[in-house]
Every structure is written in C-alpha cells, then in structure tokens.
Amino acid sequence: QVQLVESGGGLVQAGDSLRLSCAASGRTLSIYAMGWFRQAPGKEREFVAAINKNGGITFYTDSVKGRFTISRDNLKNTVYLQMNSLKPEDTAVYYCAAKPGLPTAAGNYDYWGQGTQVTVSS
C-alpha cells in the first residue's frame, strides 16, 4: 500500500506557473510508475503526464506538451508536475496516481491521491 498526497495547487492568472507535488508514504515510490490526471467540472478525468520508475521515460497529453514537465525524486519519495504558461482550460482538480509496471495514459493506476485544485483565471 502507498498513500499519495498532492499539494501545490491554487488560484493563478493565465500565463503563470505552478508546481504540484505528490508525496508518497507507506512504501517507496521508486517501485511505481507515476501519472498525473485532472478532472474539470462536468468533464471526465483525463490523462496529463506520466513517468516511469527511474524518470527516464516521460510522456504527455498533447494539450500540455511544451508547458508541463513531470519529474520525480525517488530519494524524497515525491513526484512533481511543473506547469508553465497556464491557461484557463487547465483549471481542474489534479490527481497523482501510482501503479506497478510501466506508466500508461489509461486510468488503470492502483493508488490515487485526494487531488489538489488548480484554478487559472483569464
């Protein structure tokens, strides 16, 4: 079992940056692939970014490529999502998730955090 806690969300203006953190406890994060997902009001949850166990492989949904960066520090048991050039359409609750094996864009992750709200005003 691993527990995930997201932090770093907030209210920002378009063009601003935020860095989300996902801290793990219970087990070492280094054995899990990690993903970030988001859910806007009235919409389904969608994939944002994912990273493999050692951080050597990352991939993103098209709408955030070039603006968001996923990274991890296994010594700190933490995964990050650096979000630059934020847009109003990035407004959502952001969730981190963990799974054994390879990272995927599908939502079949075993462990999920409670989410952190990101609101981008125009």
Side-chain angles (χ1 to χ4, degrees):
Q1 278 273 6
V2 62
Q3 292 79 44
L4 304 173
V5 178
E6 302 95 335
S7 61
L11 171 63
V12 297
Q13 293 186 333
D16 286 350
S17 298
L18 278 176
R19 188 176 80 157
L20 304 184
S21 299
C22 173
S25 62
R27 296 192 71 175
T28 176
L29 205 56
S30 63
I31 66 174
Y32 296 104
M34 300 296 297
W36 284 97
F37 293 78
R38 66 186 180 186
Q39 187 167 20
K43 295 187 177 181
E44 293 187 354
R45 184 180 62 197
E46 67 170 347
F47 168 76
V48 176
I51 189 167
N52 72 333
K53 296 175 187 178
N54 65 13
I57 297 173
T58 61
F59 52 95
Y60 304 86
T61 191
D62 285 347
S63 63
V64 308
K65 284 180 182 177
R67 299 189 299 122
F68 290 12
T69 303
I70 187 171
S71 62
R72 65 192 299 160
D73 185 337
N74 286 339
L75 293 178
K76 294 184 178 180
N77 244 18
T78 302
V79 175
Y80 305 98
L81 185 67
Q82 177 67 43
M83 306 186 295
N84 298 330
S85 302
L86 282 161
K87 304 176 180 180
E89 51 263 44
D90 295 319
T91 295
V93 177
Y94 284 71
Y95 301 90
C96 67
K99 66 181 296 290
L102 298 175
T104 72
N108 58 334
Y109 284 67
D110 291 345
Y111 305 103
W112 293 81
Q114 84 290 346
T116 185
Q117 176 71 46
V118 172
T119 303
V120 185
S121 64
S122 58

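Here, residue 1 is the first one in the sequence, and each next residue gets the next number.
Residue Gln1 comes nearest to Gln3 through the heavy atom pair CB-NE2, 3.9 Å, listed as atom of the first residue, atom of the second, then distance. In terms of heavy atoms, Pro103 sits closest to Ala50 at CB-CB, 3.8 Å. Residues Gln114 and Tyr95 come closest through the heavy atom pair O-CE2, 3.4 Å. Taking all atoms of both residues into account, the shortest heavy-atom contact from Ala92 to Gln117 is O-NE2, 3.4 Å.
Using cut-offs of 30° and 60° for the angle between ring planes, the Phe37 and Trp112 rings count as tilted.
The distance from the OG atom of Ser122 to the CD atom of Gln13 is 9.0 Å, given to the nearest 0.5 Å. For the atom pair CD (Glu89) and OG (Ser63), the distance works out to 8.5 Å, reported to the nearest 0.5 Å. Residue Thr58 holds its OG1 atom at 10.0 Å from NZ of Lys65, rounded to the nearest 0.5 Å. Atom OG1 of Thr69 and atom CG of Asn84 lie 6.5 Å apart (nearest 0.5 Å).
Listed for the Arg72 side chain is a donor-acceptor partner under 3.5 Å among the backbone atoms of Asn52. The backbone N or O of Thr104 sits less than 3.5 Å from a side-chain atom of Tyr109, completing a donor-acceptor pair.
Among residue pairs with one or both ends in residues 27-60, none qualify as disulfide bond (SG atoms under 2.5 Å apart); sequence neighbours excluded. Under the salt bridge (charged side-chain N to carboxylate O under 4.0 Å, His left out) criterion, the residue pairs touching residues 90-100 are Arg38-Asp90, Arg67-Asp90, with sequence neighbours excluded. Among pairs with a residue in residues 30-64, none fulfils disulfide bond (SG atoms under 2.5 Å apart), at least two apart in sequence or across chains. For residues 26-37, no pair satisfies salt bridge (charged side-chain N to carboxylate O under 4.0 Å, His left out), with sequence neighbours left out. Applying the disulfide bond (SG atoms under 2.5 Å apart) definition to pairs two or more places apart or across chains, those involving residues 3-32 are Cys22-Cys96.
In this structure, Phe59 has its ring center under 6.0 Å from that of Phe47.
Residue Val79 is found in a hydrophobic cluster whose other members, listed by chain and number, are Val2, Leu4, Val12, Leu18, Leu20, Leu29, Ile31, Tyr32, Met34, Trp36, Val48, Ile51, Tyr60, Val64, Phe68, Ile70, Leu81, Met83, Leu86, Tyr94, Tyr111, Val118, Val120; membership requires side-chain heavy atoms under 4.5 Å apart, directly or through intermediates.
Taking 4.5 Å as the limit, some side-chain heavy atom of Asn77 sits within range of a side-chain heavy atom of Thr28. You'll find the side chain of Thr116 stays beyond 4.5 Å of the side chain of Ser7, heavy atoms only.
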